[in-house]
Amino acid sequence: MRAAASRSVSNCPNSGTPMPTLPRLKSHGVPLPAPALSFAASPYGHAPKVGTHRLRTWDIASTFHCSIIGTCLTAGELRQVLIRAGQDDARSATDHTLHGRGVWLAGQRDQAAKLLNKALDKRHESCIKRIPRQADQDELRDIWRNSFERGDIAGPYWALMSHPGTSPALMREIFGEVHMLSHLVGSASRLDIARLTQLEKELEQERERTARQETRLKAAADERIALQQRLRQLEERAIQAEAVAASEEKSEALQRELEQMQDLRYAVLRENEALEAAITAQLRDDKSTPPAQLRGPVLYVGGRRNLFDHLRAYARIRNIDLLLHDGGIEDNTTLLPALVGQAATILFPVDHISHTAVGLVKRLCREQQKQYLPLRSAGLASFLTAIAGAGGAYGRL
């Protein structure tokens, strides 16, 4: 059967290993005759049974092997197949040598050929699965046409060439379009090469102009460096002159920061004292808790909703009528005017309330002549300090 395939033996490029060469077509550039591309051209002299299983590379006429290997596998993928097949020199072989070996290997039936076929199936598995096994010729042709028009060539080409339902006529038609596409790509490449040559000439001219400009720029840069050195000297003198003033300003800023820290320390101490007093009273179940210093209903705006129940509990202990509003998170801000009107004093934690809510509360207090007291934090200690009358002076805007 192999003798009937009419293959001669020559050395594969750069390999040193005798490998069969592909039969050359006499009709290059013109429509190929049907016998040249039929399954009868298989190197084993037989055609597979249509519709039984997908075709392997050795089931397909050797005429198609060159286009299949060149279109459906990258040089890197083919190199890996040959390395796994035991061809260690494939690691350094040229792309042309790899292509020749892959084309020859496609017509064999050994383990290496099976690796090649498996690589093709794995590479284009998704495309193979999208084509129904029972599709007729019209359906297969439509699939190819749609893929070709959107530029999707490699996957559909292998999926259709190996499809059990693809007829020899459709196979020749698909092959012909891929064959002509390679000519178009080659023509475009030649134009690109010509354009590249012209661009290289233009690039060399541009480099000469750039060199002249660099010379002029270097002279300007030297002058600029001298000016920068003079400027740095002047800046150093200015820095020295400003050092004293900056030191004084820094000292004043540190003094203000120290005063703020002292205020914060006093506030924390007052909060701790109020918190300890409240905890001690609860532990002793003290019924004689001193009354709150705040008079009338108290409105608490903002804070954390998960602490509202605790705020209510401590307010009851001090006999305070407490009104709560979360500052607009869940409670509607349109309720604030009425709540401010009901309250005698308004509290809000500055660390847990929006700027919008703060502005609205201050405006309402100013309009209704109500007192408000900003609290240091949304914690219970700040609240206890405020209702115990140790929270500092009230604001009035």
Side-chain angles (χ1 to χ4, degrees), residues 1-25 28 36-37 39 41-48 53-129 131 152-164 166 171 174-175 178-179 181-183 185-186 189:
M1 296 296 289
R2 293 180 182 268
S6 299
R7 292 192 176 192
S8 60
V9 177
S10 65
N11 288 335
C12 182
N14 302 326
S15 67
T17 304
M19 299 178 70
T21 58
L22 297 174
R24 296 184 179 274
L25 298 179
H28 182 74
L37 300 179
F39 285 119
S42 171
Y44 301 103
H46 67 277
H53 58 77
R54 292 186 58 255
L55 306 182
R56 282 69 59 89
T57 56
W58 55 84
D59 295 325
I60 301 173
S62 59
T63 306
F64 302 127
H65 290 170
C66 179
S67 66
I68 290 174
I69 298 302
T71 304
C72 303
L73 284 178
T74 65
E77 292 167 341
L78 181 57
R79 191 185 303 273
Q80 293 302 316
V81 170
L82 295 176
I83 292 173
R84 288 197 298 270
Q87 299 186 22
D88 292 336
D89 61 335
R91 300 179 186 275
S92 58
T94 64
D95 291 350
H96 179 261
T97 299
L98 295 173
H99 178 75
R101 295 187 188 183
V103 171
W104 177 81
L105 190 62
Q108 310 307 305
R109 284 179 173 267
D110 55 13
Q111 184 61 31
K114 293 179 181 179
L115 289 175
L116 178 66
N117 195 87
K118 183 178 180 181
L120 286 164
D121 285 344
K122 183 177 180 180
R123 176 71 171 79
H124 305 294
E125 181 180 7
S126 61
C127 189
I128 291 171
K129 290 181 178 180
I131 300 178
D152 185 12
I153 304 298
Y157 187 51
W158 170 245
L160 290 169
M161 294 296 279
S162 60
H163 193 280
T166 304
M171 193 173 289
I174 295 173
F175 169 79
V178 173
H179 179 74
L181 183 62
S182 66
H183 287 308
V185 173
S189 297

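Across every non-hydrogen atom of C127 and A159, the tightest pair is SG-CB, 4.1 Å. Summarising the geometry of A90 relative to I83, their closest heavy-atom pair is CB-CG1, 4.1 Å, with the distance given to 0.1 Å. Across all their heavy atoms, R109 and K114 have their closest contact at O-CE, 4.2 Å. Considering every non-hydrogen atom in both M171 and T166, the closest pair reads N-CG2, 3.9 Å. Here the closest heavy-atom approach between residue H124 and residue C72 is recorded as NE2-O, 2.7 Å. Here the closest heavy-atom approach between residue F175 and residue T63 is recorded as CE1-O, 4.2 Å.
The line from CZ of R91 to CG of L82 is 11.5 Å long, rounded to the nearest 0.5 Å. We find the CD-OG1 distance between Q87 and T97 to be 11.0 Å, quoted to the nearest 0.5 Å. To the nearest 0.5 angstrom, T57 atom OG1 is 7.0 Å from L120 atom CG. Atoms CD and CZ, on Q111 and R84 in that order, are 11.0 Å from each other to the nearest 0.5 Å. Atom CG in L181 sits 8.0 Å away from atom OG1 in T71 (nearest 0.5 Å). Rounded to the nearest 0.5 Å, atoms CD (E125) and NZ (K118) are 11.0 Å apart.
Side-chain atoms of H99 do not come within 3.5 Å of backbone N or O of I69 as any donor-acceptor pair. Of the possible polar contacts, none joining the R101 side chain to the R79 backbone as a donor-acceptor pair under 3.5 Å is found.
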- Task: Show the numbers, then the answer: is there a side chain to side chain contact (heavy atoms under 4.5 Å, CB included) between N117 and W158?
- Result: CA-CA 10 Å; N117 195 87; W158 170 245; 3.6 Å; yes
- Yes or no on side chain to side chain contact (heavy atoms under 4.5 Å, CB included) for L116 and L78, after CA distance, side-chain angles and deciding distance? CA-CA 8 Å; L116 178 66; L78 181 57; 4.0 Å; yes
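Between D59 and R56 there is a salt bridge, since a side-chain N of the basic residue sits under 4.0 Å from a carboxylate O of the acidic one.
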